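Small disclaimer: the values here were computed from a predicted structure and weren't measured.
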Amino acid sequence: MMDYDKIRAGVRLILEGIGEDITREGLLETPDRIARMCAEIYGGLYEDPAKHLQKQFTVANDDMVIEKDITFYSTCEHHLLPFYGKAHIGYVPDGRVAGLSKLARTVDVFARRPQIQEKMTAQIAQALAENLKPKGVIVMLEAEHTCMTMRGIKKPGSRTVTLTALGIFQEQRDLQDRFLAMVKQL
């Protein structure tokens with residue numbers, strides 16, 4: 001579980017380390033605000049994505065299901081700076097589908113952890129594969145990383161795209177191409 005006292009103490013040390021006066025009015029409540037923020041943005045560490053994927057419905061067809069443009073915000077585990085973007089999910093059901101909101105909730109579980117985009121993409125795909133047991137799943141994330149845009153190389157507007165394909169999406173390139181074409185549609 002999250003230790004708020006350690007977070008508050010750590011924030012005070014960082015502020016002192018950068019030369020700030022932690023007793024000035026604007027910073028007095030900052031350690032507590034940061035502790036509360038951590039509970040919100042890192043809450044996925046304590047959440048099982050499977051809980052969102054348990055509610056399923058029977059379907060007779062095996063047409064591809066796509067949920068695209070799922071907004072997410074995450075934190076780079078290397079610099080603790082935000083990265084944010086869109087997730088696109090596709091899967092071919094094998095008799096069962098999840099509610100569409102459950103796909104977005106699954107993205108949020110993994111986004112709300114210190115993370116790298118490559119791992120997050122694979123984790124979402126794996127969670128869907130394990131819980132829905134589809135014929136195949138594909139996940140694509142597009143994100144801007146503030147660790148690249150506001151520090152280091154400083155290239156605002158650059159996006160990182162990652163893709164994980166499992167099952168028939170690995171085996172059938174035409175199915176993967178169809179997914180990508182549908183994601184690009186307005």
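When the ring pair (Phe, Tyr, Trp, His ring centres under 6.0 Å) test is applied to Phe83, the partners found at least two apart in sequence or on another chain are His145. Scanning for salt bridge (Lys or Arg N to Asp or Glu O under 4.0 Å) contacts around Asp69 gives an empty result, with sequence neighbours left out. Applying the salt bridge (Lys or Arg N to Asp or Glu O under 4.0 Å) criterion to Lys135, with sequence neighbours excluded, gives Asp62. Scanning for salt bridge (Lys or Arg N to Asp or Glu O under 4.0 Å) contacts around Asp177 gives Arg173, with sequence neighbours left out. The salt bridge (Lys or Arg N to Asp or Glu O under 4.0 Å) check on Arg159 picks up Glu142, with sequence neighbours excluded. The side-chain hydrogen bond (donor to acceptor under 3.5 Å, both in side chains) test applied to Glu47 returns His52, Arg112, not counting sequence neighbours.
Residue Leu81 is found in a hydrophobic cluster whose other members, listed by chain and number, are Met150; membership requires side-chain heavy atoms under 4.5 Å apart, directly or through intermediates. When hydrophobic residues (I, L, V, M, F, W, Y) are linked wherever their side-chain heavy atoms come within less than 4.5 Å, Leu28 remains an isolated member. Taking a 4.5 Å side-chain heavy-atom cut-off between Ile, Leu, Val, Met, Phe, Trp and Tyr, the cluster of Tyr73 extends to Tyr84.
The side chain to side chain donor-acceptor pair (under 3.5 Å) contacts involving residues 9-21 comprise Glu20-Arg24, Asp21-Thr23, where partners must be two or more places apart or lie in separate chains. Judged as a salt bridge (Lys or Arg N to Asp or Glu O under 4.0 Å), not a single pair has a partner in residues 144-156 (not counting sequence neighbours). Applying the salt bridge (Lys or Arg N to Asp or Glu O under 4.0 Å) definition to pairs two or more places apart or across chains, none involves residues 72-98.
Counting only distance, with no hydrogens or angles, the side chain of Asp48 and the backbone of Lys51 share no donor-acceptor pair below 3.5 Å. Looking only at distances, a side-chain donor or acceptor of Arg113 sits under 3.5 Å from a matching main-chain atom of Gly44.
Salt-bridge formation is detected for the pair Asp32/Arg36: a Lys NZ or Arg NE/NH1/NH2 atom is positioned less than 4.0 Å from an Asp or Glu carboxylate oxygen.
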